[in-house]
Structure formats: C-alpha cells, structure tokens
Amino acid sequence: MRKIGVLTSGGDSPGMNAAIRAVVRKAIFHEIEVYGVYGGYAGLITGNIKKLELGSVGDIIHRGGTMLQSARCPEFTTKEGQQKGIEQLREFGIEGLVVIGGDGSYRGAKALTELGFPCVGVPGTIDNDIPGTEFTIGFDTALNTVIDAIDKIRDTASSHERTFIIEVMGRDAGDLALWAGLAGGAETILIPEEKYDMNDIADKLRRGNERGKKHSIIVIAEGVGSGMDFARQLKEETNFDTRVSVLGHMQRGGTPTASDRVLASRLGAKAVELLLEDKGGRAVGIVQNRLVDYDIIEALNEKREMLDLLNLYKLSQELSI
Ligand code: ADP
C-alpha cells in the first residue's frame, strides 16, 4: 500500500486530532502518503480530499474537535453514495482508509470493505459504546468534563440544600453516567442497562435527609430518558423538589486528557500498521491495556461485554447507601 486516507465521522470526540496525527505521522514514517478526507463521508462523496504532510498535523495533539471536520451523511448509507466514495478514493490512488468514529461510522467502513475497499475503524466517541474495546477515544476527557460539572453543581447544591438531577450524554450506553456518577460521588445513578425503582430512589433521598445530608446528586444517562421528565415523575410520585441540569454538548469538547491522547496515538498508529499488512475490514481497540484488532463486521453484530459495567454499577450502589 502506497497511499492511504483518513477521515473522522459522526459525533466528534476529544482526541480525534491526536488520532489523525498518529495516522499521518506513522504512515509518513513508513514512507506512505496520507490524504485527509474533510467532512466525513460527505467529503468522501464530493472528493474533498487533500494530501497531508508532517506539518499538517502539527500543533493539534492538544486540541479538541477534529481538524478534518465531521459530518453526518445520509447519502453514504446508499450503495450509490458508497460507490461515489470509492471512485473518489481511486481517483486519488488511495488504497486504504482509516475511519475514526462511532458505530455509525463503522457501518460505513464495513460497507466500503464489503465493496472491496479496505478500511480500518478507530473508535472515537465519548459514549464508550463500541464493542470489542474497553475504551474509546474521548471517553476519558468527557468523563473529566462531567466530573468537573458535578463538582461545581455540588457546591451550589450544598449551599441551597438541594437535590440536583444531572443529565449526561452517552446515547444508549450508561458508561459516561456511571463512571462520572461514581467518581463524582452521586447518590443515585441511572443507566439504561439497569432498571430503577422510583420508590427506592425516594427512600434513599429521605434517608439522606434524615441523616442531615445537605444535598443529593442524581446522575441520569440520556439513554434512560430526559432529566426533566425524570424530575417531573419524581415530583409526582414522591413530592421531591429537584433542579435539573442538562450538560449537553460541552461534554464533546475541550482539551483531550493525557490518557485520551495516548490512547488515540496508539490506536491511530495500530490502524496504519494493519493497512500496511493489507488487513482491511478490521477495527482496533484496547483490552486490558493491550492493543487488539478484530473483524469490524463481527464487532457491530456483537453485544458489548457488560460485566465490568454492571460490577461498577453494583459498587456505586454499595458506596452510596
Ligand atoms: P457515529 O459514527 O458517531 O455513530 P453516526 O451514527 O451519525 O455517527 O454515523 C456517521 C455516518 O456514518 C453517517 O452519517 C453515515 O454517513 C455513515 N453511516 C451510518 N450508518 C451507515 C450504514 N448502515 N451504512 C453506511 N454508512 C453508514
């Protein structure tokens, strides 16, 4: 392989830039040319493709977002859209593509691979919801952003003796809410992977009040539902008054943590290694701090390993009695 491409797609996440940098530098180290596809699959279809040099990725390792921009592109879910993309890649002489993104982006990569164009997926999403890897690029940064917000909200909650409901992102996955809730000392954490009982939550709040607790923090994952709806339901069923804080898109931005930068560098470089070995249709990941690669198609069909998450959930309950 002499020329490869790289794109970022779907929701952006902090650390994507570090991954792009790793792809570019690793490829150039091996005397491979690298092309950046701008604007995700939309840019692939229109041919928004430019050659990247060592300097193109200078001064980006510490920046959030993605220098290649990202986009959602419904046209790419069609065979025609995918064929157009492949034509553009062939026009530039590109023989393999690194796709940095979430599971939607992986589906695009899978489609290209099935059409004979080798792609490697790199997990970039704050949701941590990609099967086959324990961590995705951006999760750690988002987690720290959420904890910072929880700590600040805790100050005001404590001053006013209030119960706060904090809604965090994560799509259908509870990872961000669970890790943030545990690290932020939340009394209650609601994740889509586990059912909750409103009466148990109300009992816990009452017990806390009786013990003289000044405030309570409830963290709810967006996959469970909206924080506002939950607050209304809690009020109706238990008469508890709460304040709701929806953290929103701030969770997707910010300077990537050291951990995300290192992860992104390792995974980006690994993706290039696979393409150099002519291994398309793979996804890279990290399991027990070791780099792994696996079939991207299988990954999409598999369920995520839930044991660690559920153990963590159990621990969070034990520590917040
Ligand atoms: P993420 O990668 O963060 O999960 P999306 O789900 O929005 O984000 O997917 C990003 C893009 O990937 C979509 O806009 C679309 O272009 C492409 N994509 C998603 N699903 C498919 C699919 N089934 N086939 C081909 N391309 C897809």
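Since this is a predicted model, take the numbers as computed values, not measurements. Note that ligands are numbered from 1 as they come in the structure, with each ligand's atoms numbered from 1 the same way.
A donor-acceptor contact shorter than 3.5 Å is absent between the side chain of Ser245 and the backbone of Ile166.
Near ligand 1, Ser9, Gly10, Gly11, Tyr41, Arg72, Cys73, Phe76, Thr77, Gln82, Gly102, Asp103, Gly104, Ser105, Arg107, Gly108, Arg171 each place a heavy atom less than 4.0 angstrom from the ligand.
Cation-pi geometry between Lys50 and Tyr38 is satisfied (NZ or CZ under 6.0 Å from the ring centre, within 45° of the ring normal).
Once rounded to the nearest 0.5 Å, the distance linking CG of Leu310 with CD1 of Ile191 reads 6.5 Å. Note that the CG atom of Leu112 and the CG atom of Leu97 stand 6.5 Å from one another [nearest 0.5 Å].
With Arg282 as the partner, the side chain to side chain donor-acceptor pair (under 3.5 Å) test is satisfied by one option alone out of Asp295, Thr113, Asp293: Asp293.
Using cut-offs of 30° and 60° on the angle between ring planes, the pair Trp179 and Phe135 is perpendicular.
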